[in-house]
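Worksheet: one structure, shown below.
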Amino acid sequence: GLPASPGAAIGKAIFSADLAEELGQKGEKVILVRPETTPDDMHGIVPAQGVLTSRGGMTCHAAIVARGMGKPCVVGCEALQVDLDNRRAVVKGAKVGPEGEAGRAGVAGDKNAELLEPSTADMVINEGDIIAIDGATGRVFSGEVPLVEPTLGAEFRALLEWADRARSLGVRANADTPEDARKAREFGAEGIGLCRTEHMFMAPERVPIVQAMILAETPEERKQALDQLLPMQQGDFYGILKAMDGLPVTIRLLDPPLHEFLPKTEELAVEITQLRLTGGDREEIVRKEAILRRARALSEFNPMLGHRGCRLGITTPEIYAMQVRAILQATAQLIKEGCQPRPEIMIPVVMGAEELAILRELCLEVMQAVAAETGIKLDVPIGTMIELPRACLTADEVGKVADFFSFGTNDLTQTTYGFSRDDAEGKFIPQYIEKKILAHNPFAVLDRAGVGKLVKMAVELGRQANPKLKLGICGEHGGEPNSIEFCHLTGLDYVSCSPYRVPIARLAAAQAAIKHRK
């Protein structure tokens, strides 16, 4: 598979997030194995030793979440056919024996066993079988392998201190929880460059409230759900801002399509059918039918290019207003406690200045209201994530209404190439690299010739329109050395990456500064 998050892990292969959570809480070591993960699987990822998926690329959900948590992860292991119904995975035509599964039946008592040739057979991994994954190479092992515990010694810390003196680029981290924020700070992060708020909505106790918000047919019904979510979000932001006290925290407002928070339509239809056939509770059937209708109505053929990000904020402004109020109320609360919170509000998937202007005004209205209610002066920067080619091309206009740009190079690479990042890496990018059509996987190493030109253009246009514009990068390229060198040369202010890649980013930023010292 693809080496999505470094480190090694051993545990029982578990195919259900619920069971992974249950066993993990009992202290058992598990590897969560799924075709791909979604926010619904978060409760199973947290206690797992590592994650293995048969689909997805270096910037899929499993990869990004695992890197953020410092968990080993292998994705896009397409040889692995995951059968969730029977709780097993099959590797078709695996070469095994004479000591592997296929050879064992004929080996017992056979004096000529050593002459057996490796044979081809299906290897089956049943739930509970022990497997190991190596997130640095993408290899998956059947059974246990020896592990070595890494240590960070005095020499390592000294090297990073030298790097900090040499580099000019700031280094922030992508973190969504107070725990991640504290870990990032331990690794030397100078703030949070990307806090994704959608992960906060997937806690089991919140899902019904989020679904009620999505299913609401009137503004009053939606307000009831949002009023319940507000204190929860305020608590989220309070914890993260407190953990990063005195350092900037860039908080991205809700980005993914709303249907991702609803159950999958196929599974829901099966549940409804089973309830009908078994004489299930009538109210439960009606409730699930309503969710199914809404899920189908919200479903899109290509959700990555659909109703998400700022488009959601434009069509349903009350959702963004709730999040902004939660950020500002948490900020005011911390200021009253003598802290120095430094939030930054980031609007995602902007294609031009018009969208940003409307949502900036919304943020400012909420800011004025919270300031009046709390008596606390609030001056929070409002910026945008640059992840569409049109936003780069019109950066001179966008820059006039933004306090900062943060380049989301995962999506910018996807929309520039026309590649689906969850499909291309496993399907054809390896062959493109082998045939030298591509020098590198563009989702792992920033494409300077194409995507890089758009970034440079946006930097130049944006700074011409707004000389005070802060510029950073928060895609996964922010932790990759070659890409960090590009960011240094382009004049960005900072890079942001997963907490466990912060030391790499600090070192790479120093190497870039020394290599290109004027």
Side-chain angles (χ1 to χ4, degrees), residues 59 169-170 172 174 193-194 196 250 252-253 255 302 304-306 308-314 344-360 381-421 424 438 440-480 482-497:
T59 55
L169 268 176
R172 299 189 191 181
N174 302 340
L194 175 61
R196 309 172 187 89
T250 305
R252 183 178 73 187
L253 301 185
D255 184 23
N302 193 340
M304 289 301 291
L305 299 179
R308 56 173 285 220
C310 69
R311 300 157 196 172
L312 183 65
I314 296 285
E344 300 173 345
I345 297 170
M346 183 158 69
I347 313 294
V349 203
V350 164
M351 67 177 182
E354 297 80 8
E355 291 166 315
L356 184 57
I358 291 171
L359 293 172
R360 182 184 182 89
I382 301 166
T384 185
M385 203 166 181
I386 300 289
E387 49 197 323
L388 299 177
R390 192 179 189 280
C392 295
L393 296 168
T394 61
D396 49 344
E397 296 299 321
V398 179
K400 293 174 184 175
V401 287
D403 296 319
F404 64 87
F405 286 172
S406 182
F407 291 93
T409 51
N410 299 346
D411 268 359
L412 185 57
T413 298
Q414 178 171 238
T415 51
T416 300
Y417 272 91
F419 287 173
S420 165
R421 69 190 195 200
L438 293 172
H440 307 281
N441 175 352
F443 292 105
V445 180
L446 185 72
D447 162 41
R448 298 191 188 192
V451 177
K453 280 184 181 176
L454 287 171
V455 172
K456 280 185 178 179
M457 182 185 298
V459 168
E460 292 168 6
L461 292 175
R463 281 203 167 129
Q464 286 171 16
N466 180 1
K468 294 181 179 179
L469 195 68
K470 283 275 192 292
L471 299 165
I473 181 176
C474 61
E476 283 301 305
H477 295 109
E480 193 280 317
N482 184 284
S483 309
I484 291 170
E485 180 186 37
F486 168 82
C487 294
H488 171 85
L489 293 171
T490 308
L492 299 191
D493 296 303
Y494 67 87
V495 297
S496 188
C497 57

For this session: Verify side chain to side chain contact (heavy atoms under 4.5 Å, CB included) between R463 and V459, making sure each step is shown before the conclusion.
Result: CA-CA 6 Å; R463 281 203 167 129; V459 168; 4.0 Å; yes

Problem set entry | Between OG on residue S406 and OH on residue Y494, distance to nearest 0.5 Å | 4.0 Å

Exercise. With a 4.5 Å limit on heavy-atom distance, are the side chains of I347 and L253 in contact?
Worked result: yes

Problem set entry | From NZ (K470) to CG (D493), nearest 0.5 Å | 5.5 Å

Exercise. Does a side-chain heavy-atom distance below 4.5 Å link F404 with L471?
Worked result: no

For this session: Tell me, with the steps shown, if T415 and L305 meet side chain to side chain contact (heavy atoms under 4.5 Å, CB included).
Result: CA-CA 9 Å; T415 51; L305 299 179; 4.1 Å; yes

Exercise. Between I484 and C497, is any pair of side-chain heavy atoms under 4.5 Å apart?
Worked result: no

Exercise. Can you tell if the side chain of P348 reaches within under 4.5 Å of the side chain of E387, non-hydrogen atoms only?
Worked result: yes

Problem set entry | Smallest separation among heavy atoms of M385 and M346, with atom names | N-CG, 3.6 Å

Problem set entry | Minimum heavy-atom distance between I386 and C392, given as atom pair plus value | CG2-SG, 3.6 Å

Problem set entry | Derivation of the side chain to side chain contact (heavy atoms under 4.5 Å, CB included) call for T250 and C474 | CA-CA 10 Å; T250 305; C474 61; over 6 Å; no

Problem set entry | Minimum-distance pair of heavy atoms, taken over all atoms of S483 and H477 | CB-O, 3.3 Å

Exercise. Going by an N to O cut-off under 4.0 Å, is there a salt bridge joining R172 and E344?
Worked result: yes

Problem set entry | Heavy-atom donor-acceptor pair, N466 side chain to D403 backbone, under 3.5 Å | no

Exercise. So, do T490 and F407 sit near enough that their side-chain heavy atoms are less than 4.5 Å apart?
Worked result: no

Problem set entry | M304 CE: over 12 foreign heavy atoms closer than 6.0 Å | yes

For this session: Rounded to the nearest 0.5 Å, what's the gap from CD on Q414 to CG on L388? Could you check?
Result: 10.0 Å

For this session: Starting at CD of E476, measure out to CG of L446 and round the result to the nearest 0.5 Å.
Result: 12.5 Å

Problem set entry | Flag for E485-N482: side-chain donor and acceptor within less than 3.5 Å | no

Exercise. Any side-chain heavy atom of L356 within less than 4.5 Å of one from V398?
Worked result: yes

Exercise. Taking all atoms of both residues into account, what is the closest heavy-atom pair of I473 and C487, and its distance?
Worked result: CG2-SG, 3.7 Å

Problem set entry | Any side-chain heavy-atom pair of R311 and V349 under 4.5 Å | yes

Problem set entry | Minimum heavy-atom distance P442-D447, with the two atoms named | CB-CB, 4.5 Å

Exercise. Which heavy-atom pair separates L454 from P389 by the least distance, and what is that distance?
Worked result: CD1-CB, 4.2 Å

Problem set entry | F486 side, atom CZ; E480 side, atom CD - distance, nearest 0.5 Å | 12.5 Å

Problem set entry | Derivation of the side chain to side chain contact (heavy atoms under 4.5 Å, CB included) call for R196 and N174 | CA-CA 8 Å; R196 309 172 187 89; N174 302 340; 3.9 Å; yes

Exercise. Roughly how far, to the nearest 0.5 Å, is the OG1 atom of T409 from the CG atom of D411?
Worked result: 9.5 Å

Problem set entry | L489 and R448, any side-chain heavy atoms less than 4.5 Å apart | yes

